[in-house]
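Scope of the values below: all heavy atoms of this structure, side chains included, with no hydrogens, waters or symmetry mates.
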Amino acid sequence: DGLPVEVEEGSTLLGAAGKLDIHIPTLCFHPDQNVKANCRICLVELEGSKLLVPACSYPAENGMSVRTHSPKVRRARRNILELILARHAQDCLHCDRSGTCELQAVAEEMHFVKIPRYPFVARSDESDKSSPSILRNYTKCIACGRCEYACSKVQTVHALAKAGRGFEIQFRPAYGRALGDSICVNCGQCVQACPTGALSIRDETQTVWHAFAEPSKTVIAQVAPAVRITLAEALGEPPGSISTGRMVTAMKRIGFHAVFDTDFTADLTVMEEGTELLDRIKNGGVLPMLTSCCPAWVKFCETFYPAHIPNLSSCKSPQQMFGALIRTYYAEKVGKAPEDILSVSIMPCTAKKFEERRPEFGRDGLRDVDAVITSQELARMIRSAGIRFDTLPDTPFDKP
C-alpha cells in the first residue's frame, strides 16, 4: 500500500501487513495453527502477478509491491464472501456465536448487507447433539479445518477428520459416528478454534432458570476458583479483574439460594488423595499415582492409555465431591430432601458437563451434579437478568 516494511526471512504477506497495522481479513488462519489457505478471504494484489495471492501463506520477498485493499481485491473478497455465505445458514440472531462470530465480523467489516447472488445450499442440514459438552451444526461449517487441527495436532485426540470432497467437505468423527459415540474427550478446544457457530457448548442455563421458578426447588451452586477471574472479563471488564464478592451477589440476585466455593472440596481432594497415596505406599499399591481434576485428561488416559488406569487416583474431582456433599451432608443439615435440591456447578471447563453425566457419579437415581454452567453461560444469565455487574456490592461465599 505504498508503505515500506522490513520483515524477517520466512514471513508472510499477512505478517508484513500486520507490522504496519494494516488489517487483512482472515477466516481459516489461526496464529496458533499451521497455514491452511482454505478460505481465500485474505487475497491481496501482487504487482507483476496476474492472480491474486493469499496473504496468509504467500512468502514476503525483497522488492515486492503489494496492494491489500485495491478495487480488484475488494471485488474478489466480496465474491468469496458471497460463496461462503451461500453455504452458511443465515440465522445469525439465533446463533450462539452472534457477536463473536468471525464470519459475521468479516461481513460487517466489508459492509456486506445485500442478499448473496448465489442460492443457499447447506453443506448439510445435519446437527449433532449427542455429546454432553459440544453441539455441532453442519449448516454453519465453512470447512476451514481449524477444529480438526486443534483436535488432532494440538490435543492429539483425532476425534475429527476430513470427510467428503469439494463442496461436500465436512470435519466430523470417523465412520459417520456421532460426536458422543466417538473418542472425543470433551475438552472443547475445537469450539475455541471454530470461527463460526458450527461448534458450540451445550447450554444448560434453561435447567437452572426453570428450577428458580419452582418454589419446591432449592438451587445450590458451587463455583470453581477460575470463574471469579474470567467472569468479569466475560462481562466486559479488563482481563484479570477479580470479581469474587460481586459474583456471589449477582448469583444470589438471580435466584441461587446458596453459593459455595469449590476450594472447599479442593482441600478435601488433597486430604483424600494424600490418604490414598500413603495407603498405596504402605501396602504395595500401584505407583506412581496419577491425578487430575480435569475430566478430559482422565478420559484421555482411559481412552488412549488404558494400561495406566490403575495408576489413576480413585478420588472424585472437587466438583463431584461437592456435589456428593450437597446431596447428602448438606441436604440433611438444612432439612431438605435430596431430590428437592438442584445442584449446579459453575466451571470454566466444558469437560465438566461430561463429568456431570458419568454414570459413576450419583446414587439413588440422582446425579451428584444436576447442571454445569460455564463462565460464559453465567455471564449471559447475569446480563439477561438486567444486572449491572460493575456496580454490585461484595457478598461472601456461603459456608457449607
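- A salt bridge is defined here as a Lys NZ or Arg NE, NH1 or NH2 lying under 4.0 Å from an Asp or Glu carboxylate O, and D261 with K399 fails to meet this definition.
- Nearest heavy atom pair, residue L199 against residue V191, reads O-CG1, 3.7 Å.
- You'll find the side chain of Y58 stays beyond 4.5 Å of the side chain of T12, heavy atoms only.
- Two residues are said to be in side-chain contact when any heavy atoms from C-beta on lie closer than 4.5 Å; F171 and C151 fail this criterion.
- Nearest heavy atom pair, residue N38 against residue G145, reads ND2-N, 4.5 Å.
- Within the model, atoms CD of E233 and OG of S243 stand 10.5 Å from one another, a figure rounded to the nearest 0.5 Å.
- With a 4.5 Å cut-off on side-chain heavy atoms, T395 and R253 do not count as touching.
- Checked by atom type, the side-chain pair E148/H158 shows no donor-acceptor distance below 3.5 Å.
- For E332, the CD atom sits in a loose shell: 12 or fewer heavy atoms of surrounding residues, nucleotides or ligands are nearer than 6.0 Å.
- The local environment of CG in N283 is crowded, with over 12 non-hydrogen atoms from other residues, nucleotides or ligands closer than 6.0 Å.
- Note: L46 CG to S65 OG = 8.0 Å, rounded to the nearest 0.5 Å.
- At most 12 heavy atoms of other shown residues, nucleotides or ligands fall within 6.0 angstrom of atom CZ in R388.
- Note on ring orientation: taking the six-membered ring where Trp is involved, the planes of F300 and F304 are tilted (angle from 30° to 60°).
- For E360, the CD atom is densely surrounded, since the number of other residues' heavy atoms within 6.0 Å is greater than 12.
- Two residues are said to be in side-chain contact when any heavy atoms from C-beta on lie closer than 4.5 Å; T328 and R363 meet this criterion.
- Shown here for E276 and L312, the closest heavy-atom pair between the two residues is OE2-O, 4.5 Å.
- Atom NE2 of H308 is separated from atom SG of C301 by 7.0 Å, given to the nearest 0.5 angstrom.
- Contact check for D390 versus L235: no side-chain heavy atoms found under the 4.5 Å cut-off.
- Between atom CD of residue Q206 and atom CE of residue M381 there is a gap of 8.5 Å, rounded to the nearest 0.5 Å.
- Taking a 6.0 Å sphere around NZ of K72, one finds it holds more than 12 heavy atoms contributed by other residues, nucleotides or ligands.
- Across every non-hydrogen atom of C190 and C147, the tightest pair is CB-CB, 3.9 Å.
- Ion pairing of E237 with R246 is present here, as a side-chain N (NZ or NE/NH1/NH2) and a carboxylate O approach within less than 4.0 Å.
- Contact check on E102 versus R146 returns a salt bridge, with a Lys/Arg side-chain nitrogen under 4.0 Å from an Asp/Glu carboxylate oxygen.
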| task | Starting from the C-alpha separation in whole Å, work towards a yes-or-no answer on ring-ring contact (aromatic ring centres under 6.0 Å, His included) for F322 and F260. | result | CA-CA 9 Å; F322 220 133; F260 296 129; 5.5 Å; yes
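- Salt bridge D96/R380: present, at least one basic N to carboxylate O contact under 4.0 Å.
- In this structure, the separation between SG on C144 and CD1 on I41 is 12.5 Å, given to the nearest 0.5 Å.
- Here the side chains of P132 and N186 are in contact, with some heavy-atom distance below 4.5 Å.
- Geometrically, K36 engages Y149 in a cation-pi contact, judged by NZ or CZ lying under 6.0 Å from the ring centre and within 45° of the ring axis.
- Counting heavy atoms from C-beta outward, I309 and N311 have side chains that stay 4.5 Å or more apart.
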| request: Given side chain to side chain donor-acceptor pair (under 3.5 Å), test Y118 with N79 step by step and report yes or no. | output: CA-CA 10 Å; Y118 308 110; N79 191 44; 2.6 Å; yes
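- Among R172, Q170, R136, the single residue meeting the side-chain hydrogen bond (donor to acceptor under 3.5 Å, both in side chains) criterion with E126 is R172.
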| Step by step, would you call T269 with E273 a side chain to side chain donor-acceptor pair (under 3.5 Å)? | CA-CA 6 Å; T269 305; E273 289 180 347; 5.8 Å; no
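- Looking at E45 and T68, their side chains never come closer than 4.5 Å, going by heavy atoms from C-beta outward.
- Among all heavy-atom pairs drawn from V35 and S57, the shortest one is CG1-CB, 3.4 Å.
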| Y138 and D125: CA distance, side-chain angles, deciding distance, side chain to side chain donor-acceptor pair (under 3.5 Å) verdict | CA-CA 6 Å; Y138 291 102; D125 60 0; over 6 Å; no
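- Hydrophobic clustering (side-chain heavy atoms under 4.5 Å, transitive across Ile, Leu, Val, Met, Phe, Trp, Tyr) groups V106 together with L85.
- The CD1 atom of I281 lies 6.0 Å from the CG atom of L287; values are rounded to the nearest 0.5 Å.
- Between K352 and E355, at least one side-chain N (NZ, or NE/NH1/NH2) sits under 4.0 Å from a carboxylate O, which counts as a salt bridge.
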| Audit row: T230, S375, side chain to side chain donor-acceptor pair (under 3.5 Å) steps and yes/no | CA-CA 7 Å; T230 56; S375 307; 3.1 Å; yes
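- A donor-acceptor contact under 3.5 angstrom links the side chains of Q319 and S345, judged on distance only.
- With 3.5 Å as the limit, one finds a donor-acceptor pair spanning the side chains of E377 and T374.
- Between the K353 side chain and the I134 main chain, no donor and acceptor come within less than 3.5 Å of each other.
- Here the closest non-hydrogen pair linking I229 and G240 is CG2-CA, 3.8 Å.
- Side chain to side chain, S343 and D370 fail the donor-acceptor criterion of an N or O pair below 3.5 Å.
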